[in-house]
Amino acid sequence: MISVEQICGVLVLDKPAGWTSHDAVNKVRRLVGTTKVGHLGTLDPLATGVLPLVIGRATRLAQYFGKDRKGYEAVIRFGHSTFTYDREGEPTSEHQEIELNEPARRAELESLLERFRGPQMQMPPPVSAKKIEGVPAYKLARKQQPVELKAVEVEVFALEVLAVEGADLRIRLECSPGTYVRSIAHDLGQALGCGAYVQELRRTRSGEFALDEALTLEQLKQVCEEGRLEEHLLMGQRILPQIPCEIVDHLTESQIRQGRDFRTSPFRAAKDAPLVKVLNREGQLVAMAERKLPQLYHPVLVLSN
């Protein structure tokens, strides 16, 4: 069993509804017994699902986790719009009774969905973390101050209808980071002329982290009580799989920990990579290193023993 001081990995949490990402981080800090916990991308309080957390020494690696694709399943409810573009906001339009399975309505909906596939300019919701002169938009919106956001370029790589029932549309989508499912719901409702909002939202994937490896808070509590946290931490080669890996011997590891340059093997794929992650023979992540010359690297972030 590893000690708290030795922890260096990613834990995939299945965030419950009603919790902010910050709430979840604080809870995990108490369960794990360390303040060194951070999240890799926020989830709305309404949303559940994949929230990757960096724990222990891995918090220093947050900068290397790129802007990866996200996967979601959502229920969009048609009939009126809301201030927050989800079920928690006050209605901003009159309610209409909608039956999406009516042939004409279904055909119109299928046609409209095509607009939301592929690259597009999207206006973020007024209640969002987007900053306006350094202030999050949601803080201005809730004070009823003007929120002047700009449309941003996003991409929806896949958008699939899972079910249609009454006024509810269940979809599965894969999208670029920064894409707001709430905005898709709102814009769909506006285009259909009846308003819509997100009723349910579940993130199924964030980059390489998927729901099938996530723990609920209840499961995490039991794992920690049984001393089995290490079994559920993604470490070593499993972290940042897109970055080439260089495995070094104990002498080179010692030199890297002193901040010294080192040479990579000419037979590895990492020989020309601008950035490599360095692992020791035991599979522990030692450092992140940048290329200075072909096959010569300099450690730019060294993880302590």
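Residue Q190 comes nearest to S81 through the heavy atom pair NE2-CB, 4.0 Å, listed as atom of the first residue, atom of the second, then distance. Here the shortest heavy-atom pairing between G49 and L43 reads O-CD1, 3.9 Å. Taking every heavy atom of both residues into account, E153 and P119 meet most closely at OE2-CB, 4.4 Å. Shortest non-hydrogen contact noted between P124 and Q122 is CD-O, 3.5 Å. Pairing each heavy atom of C8 with each of A58, the nearest pair is SG-N, 3.7 Å. Looking at every heavy atom in both residues, P91 comes nearest to H80 through CB-CD2, 3.9 Å.
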May I have the step-by-step check of salt bridge (charged side-chain N to carboxylate O under 4.0 Å, His left out) for R170 and E200, ending in yes or no?
-> CA-CA 9 Å; R170 183 177 292 275; E200 298 175 17; 3.7 Å; yes

Between L53 and V10, does a side-chain contact (heavy atoms from CB on, under 4.5 Å) hold up when you go through it step by step?
-> CA-CA 5 Å; L53 304 175; V10 176; 5.9 Å; no

side-chain contact (heavy atoms from CB on, under 4.5 Å) between M288 and L61: does it pass, once the steps are laid out?
-> CA-CA 9 Å; M288 305 297 292; L61 299 170; 3.8 Å; yes

Just do the side-chain contact (heavy atoms from CB on, under 4.5 Å) check on L51 and F209 with the steps written out, would you?
-> CA-CA 9 Å; L51 181 65; F209 307 114; over 6 Å; no

Worked verdict on L46 versus R87 for side-chain contact (heavy atoms from CB on, under 4.5 Å) = CA-CA 8 Å; L46 170 81; R87 70 169 188 245; 3.0 Å; yes

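At distances below 3.5 Å, not a single donor-acceptor pair connects side-chain atoms of Q219 with backbone N or O atoms of L215. Proximity of a side-chain donor or acceptor of R29 to a complementary backbone N or O of T35 within less than 3.5 Å is detected. When atom types are taken as modelled, the side chain of Y72 and the backbone of C175 share no donor-acceptor pair closer than 3.5 angstrom. Not a single donor-acceptor pair under 3.5 Å links the side chain of Q199 to the backbone N or O of L169. The backbone N or O of G71 lies less than 3.5 Å from a partner atom in the side chain of T204, making a donor-acceptor pair. In this structure, T59 contributes its side chain and V54 its backbone to no donor-acceptor pair below 3.5 Å. Formation of a donor-acceptor pair under 3.5 Å by the K15 side chain with backbone atoms of D44 is found in this model. For the pair R205 (side chain) and G207 (backbone), a donor-acceptor distance under 3.5 Å is present. Formation of a donor-acceptor pair under 3.5 Å by the S21 side chain with backbone atoms of T42 is not found in this model. R60 places a side-chain N or O within 3.5 Å of a backbone atom of V302 that can act as its donor or acceptor partner.
Atom CD of Q63 has more than 12 heavy atoms from other residues, nucleotides or ligands within 6.0 Å. Annotation for H250: atom NE2 counts as buried by contact number, over 12 foreign heavy atoms lying within 6.0 Å. Annotation: E94, atom CD; neighbour count of heavy atoms from other residues, nucleotides and ligands within 6.0 Å does not exceed 12. Heavy-atom contacts from other residues, nucleotides or ligands closer than 6.0 Å to CD of E282 number more than 12.
In this structure, the side chains of W19 and P45 stay at 4.5 Å or more apart for every pair of heavy atoms. Within the 4.5 Å cutoff, the side chain of Y297 has no heavy atoms near those of the D261 side chain. Residues D14 and L211 form a side-chain contact, since some pair of their non-hydrogen atoms from C-beta on lies under 4.5 Å apart. I247 places a side-chain heavy atom less than 4.5 Å from the side chain of C245. Between L279 and Q284 there is no side-chain heavy-atom pair separated by less than 4.5 Å. Residues I55 and V28 form a side-chain contact, since some pair of their non-hydrogen atoms from C-beta on lies under 4.5 Å apart. The shortest distance between side-chain heavy atoms of L301 and P299 does not fall below 4.5 Å. Contact annotation: the side chain of T179 never approaches that of V152 to less than 4.5 Å [non-hydrogen atoms, C-beta and beyond].
How far OH of Y197 is from OG1 of T82: 7.5 Å, rounded to the nearest 0.5 Å. Here CG of L109 is found 12.0 Å from CD of E102. Values are rounded to the nearest 0.5 Å. Atoms CG and CG, from L217 and L13 in turn, are 5.0 Å apart once rounded to the nearest 0.5 Å. One finds the CG atom of N280 at 10.5 Å from the CG atom of L303 (value rounded to the nearest 0.5 Å). L159 contributes atom CG, which lies 8.0 Å from atom CG of L188 (distance to the nearest 0.5 angstrom). Once rounded to the nearest 0.5 Å, the distance linking CG of L113 with CD1 of I76 reads 7.5 Å.
A side-chain N or O of T48 and one of R202 form a donor-acceptor pair less than 3.5 Å apart. Between the side chains of Q222 and E226, a donor-acceptor pair is found at a separation under 3.5 Å. Side chains of K70 and S206: a donor-acceptor N/O pair is present below 3.5 angstrom, by distance only.
Checked for salt-bridge contact, E110 and R106 meet the test: a charged N lies under 4.0 Å from a carboxylate O. A salt bridge does not link E218 to K221: none of the charged side-chain nitrogens sits closer than 4.0 Å to a carboxylate oxygen.
Residues L201 and V75 are members of separate hydrophobic clusters, defined by side-chain heavy-atom contacts under 4.5 angstrom among Ile, Leu, Val, Met, Phe, Trp and Tyr. Two different hydrophobic clusters hold F157 and F116 under the rule that ILVMFWY side chains link at heavy-atom gaps under 4.5 Å. Linking Ile, Leu, Val, Met, Phe, Trp and Tyr whenever their side-chain heavy atoms come within less than 4.5 Å leaves L112 and Y85 in two separate clusters. Under the 4.5 Å side-chain contact rule for hydrophobic residues, L11 and L31 share a cluster.
Considering K277, R257, E246 as possible partners of V286, the one that fulfils the side chain to side chain contact (heavy atoms under 4.5 Å, CB included) test is R257.
Here H186 and Y180 keep their ring centres 6.0 angstrom or further from each other.
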List the atom pairs, with distances to 0.1 Å, where a side-chain N or O of residues 233-242 and a protein N or O form a donor-acceptor pair under 3.5 Å, not counting sequence neighbours.
{"unit_1": "R238", "atom_1": "NH2", "unit_2": "E208", "atom_2": "O", "d": "3.3"}
{"unit_1": "R238", "atom_1": "NH2", "unit_2": "E213", "atom_2": "OE1", "d": "3.0"}
{"unit_1": "R238", "atom_1": "NH2", "unit_2": "E213", "atom_2": "OE2", "d": "3.0"}

Which pairs would a plain distance check flag for residues 160-168, meaning a side-chain donor or acceptor within less than 3.5 Å of a matching protein atom at least two apart in sequence or in another chain?
{"unit_1": "E160", "atom_1": "OE1", "unit_2": "R172", "atom_2": "NH1", "d": "3.0"}
{"unit_1": "D168", "atom_1": "OD1", "unit_2": "R77", "atom_2": "NE", "d": "2.7"}
{"unit_1": "D168", "atom_1": "OD2", "unit_2": "R77", "atom_2": "NH2", "d": "2.8"}

